[in-house]
S.K.: 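A single structure is presented below for examination.
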Amino acid sequence: YKIAKSMPELTFVFYGPFYSGEEDSLLNTHKERSKLFTLENVKHVEFISRENLYQEMQYWDVAIIPYNLNIPLNYYCKPLKLYEYFYFGLPVVSCPIPSILHYSDIVHFANKKTEWKEAINNCLSKKETSSTLLYKNNESLKNSWDKKISFILNKIDNLLSNQIHE
């Protein structure tokens with residue numbers, strides 16, 4: 001809320017449904033979210049097809065991952081959207097999720113409002129190099145769903161082969 005309010009010249013668009021759990025009630029995130037969507041520069045699209053989302057992404061200037069890390073699910077997650085952002089060559093600003101901190105050379109991490117503003121402005125003012133874009137693209141391909149499914153199927157095959165030979 002504070003970031004979007006302090007940057008009225010930018011439009012923040014959030015896609016997808018919001019999930020509510022016990023942590024949301026304890027942390028009052030629904031109240032913060034309600035406040036956020038009262039701002040004129042903030043939009044929410046609850047449902048969009050993957051194809052339409054990918055078409056929309058070509059108009060984005062910066063992708064953000066503004067998770068509340070006080071919620072354990074967020075703190076311990078590995079946001080797969082990061083690899084979609086990489087694939088599309090988008091600059092990324094994220095809260096410091098431990099599972100993605102090793103990308104500090106290509107992801108801007110922010111905690112405080114001033115850090116978020118600075119990181120977003122840096123992304124808007126600097127064009128990424130072709131080597132950075134290539135690296136991001138390679139990371140996205142290494143983490144594609146095809147690769148993940150192949151990995152899982154190989155593990156299952158190995159387990160089954162070992163059981164047959166025992």
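Note that these values count all heavy atoms, side chains included, but never hydrogens, waters or copies made by symmetry.
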S.K.: Tell me the closest heavy-atom pair linking Asn68 and Asn74, and the distance in Å.
M.R.: O-ND2, 3.0 Å
S.K.: Restricting to pairs with a member in residues 55-74, which pass ring pair (Phe, Tyr, Trp, His ring centres under 6.0 Å), not counting sequence neighbours?
M.R.: Tyr15-Trp60, Trp60-Tyr85
S.K.: Is the number of heavy atoms from other residues, nucleotides or ligands within 6.0 Å of NZ (Lys2) greater than 12?
M.R.: no
S.K.: Nearest 0.5 Å, what's the CD1-CD distance between Ile48 and Glu56?
M.R.: 5.0 Å
S.K.: Please walk me through it: do Asn122 and Glu118 pass side-chain contact (heavy atoms from CB on, under 4.5 Å)?
M.R.: CA-CA 6 Å; Asn122 282 340; Glu118 183 180 331; 3.9 Å; yes
S.K.: Of all heavy-atom pairs between Leu39 and Ala4, which one has the smallest distance, and what is that distance?
M.R.: CD1-CB, 3.8 Å
S.K.: Within a radius of less than 6.0 Å around NZ of Lys147, do more than 12 heavy atoms belonging to other residues, nucleotides or ligands occur?
M.R.: no
S.K.: Are the side chains of Ile3 and Met7 in contact, using a 4.5 Å heavy-atom criterion?
M.R.: yes
S.K.: Give a yes or no on whether Phe14 and Phe88 share a hydrophobic cluster (residues Ile, Leu, Val, Met, Phe, Trp, Tyr; joining criterion: side-chain heavy atoms under 4.5 Å apart).
M.R.: no
S.K.: Does the side chain of Met57 come within less than 4.5 Å of Leu53's, by heavy atoms?
M.R.: yes
S.K.: Between Glu139 and Tyr87, do the side chains contain a donor N or O and an acceptor N or O under 3.5 Å apart?
M.R.: no
S.K.: Got more than 12 heavy atoms from elsewhere within 6.0 Å of CZ, Phe37?
M.R.: yes
S.K.: Between Asn137 (side chain only) and Leu133 (backbone N and O only), is there a donor and an acceptor less than 3.5 Å apart?
M.R.: no
S.K.: As an exercise, state the distance from CD1 of Ile152 to CG of Asp157, rounded to the nearest 0.5 Å.
M.R.: 12.0 Å
S.K.: Decide yes or no on side-chain contact (heavy atoms from CB on, under 4.5 Å) for Leu10 and Ile120, but give the supporting numbers first.
M.R.: CA-CA 10 Å; Leu10 302 179; Ile120 291 169; 3.8 Å; yes
S.K.: Enter the distance from Ile106:CD1 to Glu128:CD here, rounded to the nearest 0.5 Å.
M.R.: 8.0 Å
S.K.: Is it the case that atom OH in Tyr75 sees more than 12 heavy atoms from other parts of the structure closer than 6.0 Å?
M.R.: no
S.K.: Might you confirm whether atom CD of Gln58 has over 12 heavy atoms from other residues, nucleotides or ligands at distances under 6.0 Å?
M.R.: yes
S.K.: If hydrophobic clusters are built by linking Ile, Leu, Val, Met, Phe, Trp and Tyr wherever their side-chain heavy atoms come under 4.5 Å apart, do Tyr76 and Ile65 end up in the same one?
M.R.: yes
S.K.: If we ignore angles and hydrogens, is there a donor and acceptor under 3.5 Å between the side chains of Ser49 and Asn52?
M.R.: yes
S.K.: How far does OG of Ser6 sit from OH of Tyr1, to the nearest 0.5 angstrom?
M.R.: 10.5 Å
S.K.: May I have the step-by-step check of salt bridge (Lys or Arg N to Asp or Glu O under 4.0 Å) for Glu84 and Arg50, ending in yes or no?
M.R.: CA-CA 11 Å; Glu84 293 172 318; Arg50 188 163 296 284; 2.6 Å; yes
S.K.: For residues 107-132, which residue pairs qualify under ring pair (Phe, Tyr, Trp, His ring centres under 6.0 Å), counting only residues two or more places apart or in two chains?
M.R.: none
S.K.: How far apart are the C-alpha atoms of Phe12 and Leu36, what are their side-chain angles, what is the distance that settles it, and do they pass the side-chain contact (heavy atoms from CB on, under 4.5 Å) test?
M.R.: CA-CA 10 Å; Phe12 293 82; Leu36 177 67; over 6 Å; no
S.K.: Using 30° and 60° as the class limits, which term best fits the ring planes of Phe86 and Tyr83: parallel, tilted or perpendicular?
M.R.: perpendicular
S.K.: Below 3.5 Å, can you tabulate the donor-acceptor pairs from side chains in residues 90-102 to any protein atom, sequence neighbours excluded?
M.R.:
residue	atom	partner	partner atom	Å
Ser99	OG	Cys77	O	2.6
His102	ND1	Ser99	O	3.4

S.K.: Taking all non-hydrogen atoms of both residues into account, name the closest pair between Pro8 and Asn41 and its distance.
M.R.: CA-ND2, 3.5 Å
S.K.: Is any side-chain heavy atom of Lys78 closer than 4.5 Å to a side-chain heavy atom of Asn143?
M.R.: yes
S.K.: From Asp146 CG over to Leu141 CG, what is the distance, rounded to the nearest 0.5 angstrom?
M.R.: 10.0 Å
S.K.: Hey, what do you get for OG1 (Thr38) to CD (Glu40), rounding to the nearest 0.5 Å?
M.R.: 9.5 Å
S.K.: Indicate if Leu82 and Trp145 have the same hydrophobic cluster label, given that clusters are the connected sets of ILVMFWY residues with side-chain heavy-atom separations under 4.5 angstrom.
M.R.: yes
